[in-house]
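What follows is a single structure, written as structure tokens, with notes after it.
Because only heavy atoms are used, hydrogens play no part in the values below, and waters and symmetry mates are left out as well, while side chains stay in. Naming: A, B, ... by sequence-line order, numbering from 1 per chain.
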Protein chains: 2
Amino acid sequence: MQRNRLARQPGRSEQLLFLTDDQLRQGIELMFFAYRGFTADPDLILENYAYGRAHHRAIHFINRKQGLTVNELLDIMGVTKQSLNRVLRQLVEDGLVDSRVGKQDRRQRNLYLTETGETLEWELSDAQRKRMRKAFSNAGPEAVHGFRTVLEQMIDPSLREKVLNAADVP
Amino acid sequence: MQRNRLARQPGRSEQLLFLTDDQLRQGIELMFFAYRGFTADPDLILENYAYGRAHHRAIHFINRKQGLTVNELLDIMGVTKQSLNRVLRQLVEDGLVDSRVGKQDRRQRNLYLTETGETLEWELSDAQRKRMRKAFSNAGPEAVHGFRTVLEQMIDPSLREKVLNAADVP
DNA sequence: CTTGGAAAGTCAACAAGACTGACATAAACT
DNA sequence: AGTTTATGTCAGTCTTGTTGACTTTCCAAG
């Protein structure tokens, strides 16, 4: 799936928008409150399993790229290995994640979701997708396009490539 | 756990978008990574003062509506009063926030930023505004409109009114 | 007027999850 | 053989969330 639709439109960026501090402040608050909504549904589900957002994120990214290494996961999640390790250990112990020794490089561990793990992943992402789908539908396609464009711009440039590349994984 | 989160918005939404799970997943990841970018700059500044995001949020909302009560702040921040209180106490001790006994109701405390508090508020919000302004400028005005529309839809309906009303404050 | 309940705020103790730092082990590389 | 890399672990700290218990203040019913 090609994702050139998010590519920056040439010329466009040189428009000198007049943005008042108040408009920007509203944008800031929208980010804050929308993110809260964004995490609210999965958080409720996670409580039933005594897991937190960290578990959710790990499960999400393992699902997106099954077999990724611990280092890759670390890198994309942006936490320390100690912090990730606690979460990962629980998930492996609970039988949601399978950690297999790498075939080429036996130092590495390749991470996979088990069937149970995939079930929880689906439950979590389904809740999140529902809200996202509703918001997208209510807002309309042009708005969705704008949403993507702005958010992409908000991501740290160094991360941006990584994220967009990673999203290409089938 | 009664939640009206699924209540329908009349009118706006009957567009029937085709949204693949993959498109939605991209939206989900954009939220995750953009939020990280969104908080990155203030986080760096906060380190210098040994404060965290909670302090930032408190300062932000006190600045937006000087003189608001602890309860109002509690409500908008969405944490427990005990959690807020710790943060607030530090800010008062450090001379960034002024907590005055309410004139009509002496149980209440009205919160104000001191001059020092306003200085830090500015420093933090300026960093955040810079990133927001850049993202907005690069994305263009239509995109900004879409961004706002989608994010507004993502907020919990119960909160939505509160937030939008609150944004009217001069 | 009194009194009992509710509301606003504070204090204490605990838990999750982030962090740093030090160290261990195994495998790969030079 | 010695070094670097990938991962895991232990210990300790910090921020920020939680619940429970408490004080002060207000208000309204008796």
Side-chain angles (χ1 to χ4, degrees), chain A residues 32 35-36 39-40 42-60 62 67-94 97-112, chain B residues 32 35-36 39-40 42-62 67-94 97-112 124:
Chain A
F32 172 61
Y35 194 76
R36 223 159 72 182
T39 53
D43 282 355
L44 280 179
I45 297 170
L46 288 160
E47 274 181 21
N48 305 330
Y49 300 87
Y51 289 148
R53 277 184 207 171
H55 303 82
H56 182 188
R57 292 199 288 268
I59 288 173
H60 173 96
I62 295 173
L68 88 174
T69 66
V70 173
N71 239 347
E72 288 176 296
L73 184 54
L74 228 45
D75 203 37
I76 205 160
M77 285 182 60
V79 296
T80 59
K81 62 174 179 176
Q82 295 91 330
S83 190
L84 175 60
N85 191 256
R86 190 191 321 110
V87 176
L88 219 44
R89 192 169 44 205
Q90 288 177 278
L91 292 174
V92 171
E93 278 172 7
D94 296 354
V97 167
D98 198 6
S99 169
R100 306 182 203 155
V101 171
K103 290 202 168 170
Q104 306 87 348
D105 188 335
R106 304 190 45 229
R107 291 172 303 180
Q108 298 181 336
R109 299 290 178 276
N110 296 107
L111 304 170
Y112 300 87
Chain B
F32 173 62
Y35 194 76
R36 224 159 72 182
T39 54
D43 281 356
L44 280 180
I45 296 169
L46 288 160
E47 274 180 20
N48 304 330
Y49 299 88
Y51 290 147
R53 279 187 204 170
H55 302 84
H56 182 189
R57 292 199 288 269
I59 288 174
H60 173 95
F61 287 114
I62 295 173
L68 88 175
T69 66
V70 173
N71 234 352
E72 288 175 296
L73 184 54
L74 228 46
D75 204 37
I76 205 160
M77 286 182 61
V79 295
T80 59
K81 58 180 179 174
Q82 295 90 331
S83 185
L84 174 59
N85 189 254
R86 190 190 317 107
V87 172
L88 222 41
R89 190 172 41 209
Q90 289 177 276
L91 292 174
V92 169
E93 277 171 8
D94 296 353
V97 167
D98 198 7
S99 167
R100 306 182 202 155
V101 171
K103 289 203 169 170
Q104 305 88 347
D105 188 336
R106 304 190 44 229
R107 290 173 302 182
Q108 298 181 339
R109 300 290 179 275
N110 296 106
L111 304 170
Y112 301 85
L124 291 169

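- In terms of heavy-atom proximity, B:Arg36 sits nearest to A:Ile76 at NH1-O, 3.3 Å.
- A:Val79 pairs by the side-chain contact (heavy atoms from CB on, under 4.5 Å) definition with A:Met77, A:Ser83, A:Leu84, not counting sequence neighbours.
- Take B:Arg100 and apply the side-chain contact (heavy atoms from CB on, under 4.5 Å) test, not counting sequence neighbours, and it matches B:Asp98, B:Tyr112.
- Rounded to a whole Å, the CG atom of B:Leu91 is 16 Å from the C1' atom of C:dG9.
- The side-chain hydrogen bond (donor to acceptor under 3.5 Å, both in side chains) test with A:Asp105 is passed by exactly one of A:Arg107, A:Arg109, A:Lys103: A:Arg107.
- Positionally, the nearest nucleotide of DNA chain D for A:Val70 lies more toward the 5' end than for the other of B:Ala50 and A:Val70.
- B:Thr69 has its side chain within reach of B:Asn110: a pair of non-hydrogen atoms, C-beta onward, lies under 4.5 Å apart.
- If you measure from atom CG of B:Asp43 to atom C1' of C:dG17, you get 15 Å, rounded to the nearest angstrom.
- Between A:Thr39 and A:Leu46 there is no side-chain heavy-atom pair separated by less than 4.5 Å.
- In this structure, CZ of A:Arg57 is placed 12 Å from C1' of C:dA16, rounded to the nearest angstrom.
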Inset, instruction - List the steps and the verdict of side-chain contact (heavy atoms from CB on, under 4.5 Å) for A:Tyr51 and A:Asp94. - result: CA-CA 11 Å; A:Tyr51 289 148; A:Asp94 296 354; 2.3 Å; yes

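- Considering only residues two or more places apart in sequence or on other chains, B:Tyr35 meets the ring-ring contact (aromatic ring centres under 6.0 Å, His included) condition with A:Tyr35, B:Phe38.
- A:Leu111 pairs with exactly one of A:Val92, A:Leu68, A:Leu91 by the side-chain contact (heavy atoms from CB on, under 4.5 Å) rule, that one being A:Leu68.
- Comparing the end axes of the helix from C:dC1-D:dG30 to C:dT30-D:dA1, each fitted to five base pairs by superposing C1' atoms of four pairs onto the next four, gives an inter-axis angle of 10° (nearest 10 degrees).
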Legend entry - Contact letters for nucleotides 19-30 of chain C, in which S counts primed atoms plus P, OP1 and OP2 and B counts the base, heavy atoms under 4.0 Å: BBBB----BS--

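- Among the atoms of the strands shown, only primed sugar atoms or phosphate atoms (P, OP1, OP2) are found under 4.0 Å from some heavy atom of A:His55.
- Proximity of B:Phe32 to A:Arg57: side-chain heavy atoms (C-beta onward) are separated by under 4.5 Å at one or more points.
- The distance from atom CG of A:Asp43 to atom CZ of A:Arg53, rounded to the nearest 0.5 Å, is 4.0 Å.
- Chain B approaches DNA chain D within less than 4.0 angstrom (heavy atoms of the protein), and the contacting nucleotides run 5' to 3' from D:dT15 to D:dC26.
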